[in-house]
There are 2 protein chains.
Amino acid sequence: MARRSDHSREQIKQMALLAGENIVAEYGSTALTARRLASHIGYTVGSLYLVFENLDDVTLQVNARTLDKLSFELDQVVAKQAEPNQCISQLGRAYIQFASNNSHLWNMVFEHRQNENENIPEWYQERINSLFERVELQFGKLIPGQSAQQNALAARALWSGVHGNCVLALTGKLDVVGVENVEKTSDLLIDNFLAGWVSTHQ
Amino acid sequence: MARRSDHSREQIKQMALLAGENIVAEYGSTALTARRLASHIGYTVGSLYLVFENLDDVTLQVNARTLDKLSFELDQVVAKQAEPNQCISQLGRAYIQFASNNSHLWNMVFEHRQNENENIPEWYQERINSLFERVELQFGKLIPGQSAQQNALAARALWSGVHGNCVLALTGKLDVVGVENVEKTSDLLIDNFLAGWVSTHQ
DNA sequence: ACCTGAACACCGTTCAAGT
DNA sequence: ACCTGAACACCGTTCAAGT
């Protein structure tokens with residue numbers, strides 16, 4: 001057992017988040033229990049409640065890390081693609097790849113249902129918005145002169161759509177198997193949406 | 001306490017499913033526990049395991065009812081709309097309305113993650129497919145002569161998209177509030193997809 | 001001051017025992 | 001034959017007590 005002052009509060013927090021990430025990545029979100037987490041970092045359950053509000057807080061913070069990793073991946077794509085049409089397509093591919101490569105962690109992000117009486121924390125909402133911004137930016141390039149609001153709406157419409165393809169496919173509900181098939185429906189969605197968008201907006 | 005032969009196995013099952021539906025509708029999926037369910041129908045926990053495999057089985061069967069209710073709503077829409085373009089739009093609206101009016105039940109359908117070692121039961125998958133079929137049918141009308149496979153793909157691409165808009169919006173992740181705004185992004189998705197689809201396929 | 005670990009009020013699931 | 005309810009192995013969360 002770790003004893004007083006072996007680690008700072010911040011160190012314990014980071015250890016716990018890393019352990020949480022590993023547990024979820026390997027065994028899925030249901031394996032993320034207080035007792036397991038505590039034993040992984042060499043402390044007892046009680047200590048977790050000194051650094052986190054509760055387990056939901058841990059979940060949210062592990063999810064934040066997952067969203068950060070996803071943002072990083074998407075940025076790599078944006079850096080490589082100049083043409084907005086192509087870029088949006090590649091962002092879709094990257095999203096699906098990420099979801100499929102990190103299925104347990106990615107699942108936890110979208111499994112999580114906020115308690116009805118409390119709202120999503122602001123810092124968490126901002127991380128989600130920042131993901132959408134990467135797509136909005138491409139819509140801005142696609143047809144210059146559109147209002148920011150219209151681009152935001154289009155990005156949300158299309159990107160939620162890609163997300164929907166991803167969830168249903170990866171949870172087996174689309175009755176298609178393998179990443180290739182999600183890519184197929186997602187590409188179809190993106191290509192047709194963009195074709196429609198371009199033809200009606202210029 | 002109910003005693004022997006008060007109800008048949010089938011009656012107990014139906015009572016439990018109805019009680020489960022009410023519990024979830026009112027208090028959300030986390031409230032669906034074996035003890036609560038048992039006490040609602042006047043039996044003890046043990047009895048539940050005589051008529052269901054486990055709690056997951058109960059969840060799946062309550063979900064099946066929810067999917068049936070959704071199918072019914074969608075059929076009403078199809079019956080009223082002759083023009084496929086309009087019909088697909090109205091199906092989207094009906095989907096969002098259903099999700100928003102039955103948020104707890106609808107949430108449970110998509111919260112549920114199948115155990116990794118066992119697949120979705122066939123009877124359950126068929127219910128999902130039957131939902132997609134309603135959209136496929138409209139794609140068949142939209143541009144006659146397309147292969148069934150292409151219509152199935154298009155229906156899955158677009159409908160998963162509408163679903164994605166719905167989940168993200170209703171779980172507060174889209175940063176938009178109210179049903180009106182989901183309808184806005186969903187309409188946008190449908191309209192542009194269809195415009196793209198029609199323009200590239202004739 | 002920091003951390004423990006027992007306690008509380010819950011879970012899902014099983015199965016010997018009662019009627 | 002049908003159903004119970006105690007038992008088992010878990011949960012999340014709290015907080016008096018120990019070092």
Side-chain angles (χ1 to χ4, degrees), chain A residues 1-17 19-21 23-24 26-63 104 108 111-118, chain B residues 1-17 19-20 23-24 26-63 104 108 111-118 121:
Chain A
M1 279 300 132
R3 292 263 153 222
R4 57 162 85 177
S5 308
D6 268 12
H7 305 98
S8 71
R9 264 170 153 68
E10 188 53 33
Q11 280 178 311
I12 295 179
K13 194 170 181 174
Q14 293 309 319
M15 285 159 62
L17 288 179
E21 203 167 68
I23 291 169
V24 174
E26 187 154 9
Y27 305 103
S29 63
T30 52
L32 188 66
T33 70
R35 284 166 178 82
R36 204 187 310 246
L37 195 53
S39 90
H40 260 74
I41 61 169
Y43 280 81
T44 59
V45 255
S47 301
L48 286 177
Y49 289 82
L50 295 171
V51 281
F52 296 101
E53 255 180 72
N54 48 35
L55 256 204
D56 205 66
D57 188 21
V58 179
T59 298
L60 229 46
Q61 298 206 34
V62 172
N63 283 349
H104 283 152
M108 191 166 79
E111 250 170 37
H112 182 261
R113 296 288 183 272
Q114 197 65 23
N115 223 321
E116 245 159 82
N117 24 20
E118 42 189 317
Chain B
M1 278 301 131
R3 291 263 154 224
R4 55 162 84 179
S5 309
D6 270 9
H7 306 97
S8 71
R9 265 170 152 69
E10 187 53 32
Q11 279 178 312
I12 296 180
K13 194 171 181 173
Q14 292 310 318
M15 284 160 62
L17 288 179
I23 292 169
V24 174
E26 187 154 10
Y27 306 103
S29 63
T30 51
L32 188 67
T33 70
R35 284 167 179 83
R36 202 186 312 245
L37 195 52
S39 89
H40 260 73
I41 61 168
Y43 281 80
T44 58
V45 257
S47 302
L48 286 177
Y49 289 83
L50 295 172
V51 281
F52 296 102
E53 257 180 70
N54 49 35
L55 256 205
D56 205 66
D57 188 20
V58 179
T59 298
L60 230 47
Q61 298 205 34
V62 172
N63 284 348
H104 284 152
M108 190 166 79
E111 251 171 37
H112 182 261
R113 296 288 183 270
Q114 198 63 23
N115 222 320
E116 243 159 85
N117 24 19
E118 42 189 318

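In the text below, chain A, chain B and the rest are named by the order of the sequence lines, each starting its count at 1.
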Specify the separation, in whole Å, of atom [atom1] of [X] and atom [atom2] of [N].
| X | N | atom1 | atom2 | answer |
| --- | --- | --- | --- | --- |
| B:Ile41 | D:dC2 | CD1 | C1' | 14 Å |
| B:Tyr43 | D:dC3 | OH | P | 5 Å |
| A:Asp6 | C:dC2 | CG | C1' | 11 Å |
| A:Arg9 | C:dC2 | CZ | C1' | 8 Å |
| B:Leu48 | D:dC3 | CG | C1' | 12 Å |
| B:Ile12 | D:dA1 | CD1 | C1' | 12 Å |

Runs of at least three consecutive Watson-Crick or G-U pairs, both distances under 3.5 Å, are what I'm after; which ones involve DNA chain C?
C:4-8 with D:12-16, C:12-16 with D:4-8

Return the set of residues passing side chain to side chain contact (heavy atoms under 4.5 Å, CB included) with [X] (not counting sequence neighbours), or none when no residue passes.
| X | answer |
| --- | --- |
| A:Glu10 | A:Ser8, A:Lys13, A:Gln14 |
| B:Ala19 | B:Leu37, B:His40, B:Ile41 |
| A:Ser29 | A:Met108, A:Glu111 |

As an exercise, state the distance from NE2 of B:His104 to OG1 of B:Thr30, rounded to the nearest 0.5 Å.
8.0 Å

Nearest heavy-atom pair of B:Ile23 and B:Ala31: which atoms, and what distance?
CG2-O, 3.5 Å

Nearest heavy-atom pair of A:Leu32 and A:Leu55: which atoms, and what distance?
O-CD1, 3.6 Å

Can you give the donor-acceptor pairs under 3.5 Å from side chains of residues 46-53 of chain B to other protein atoms, not counting sequence neighbours?
none

A correct 5'-to-3' footprint of nucleotides 6-15 of chain C, with B, S and - meaning base, sugar-phosphate only and no protein heavy atom under 4.0 Å, is -B---BBBBB

Between B:Gln11 and B:Asp6, is there a side-chain heavy-atom distance shorter than 4.5 Å?
no

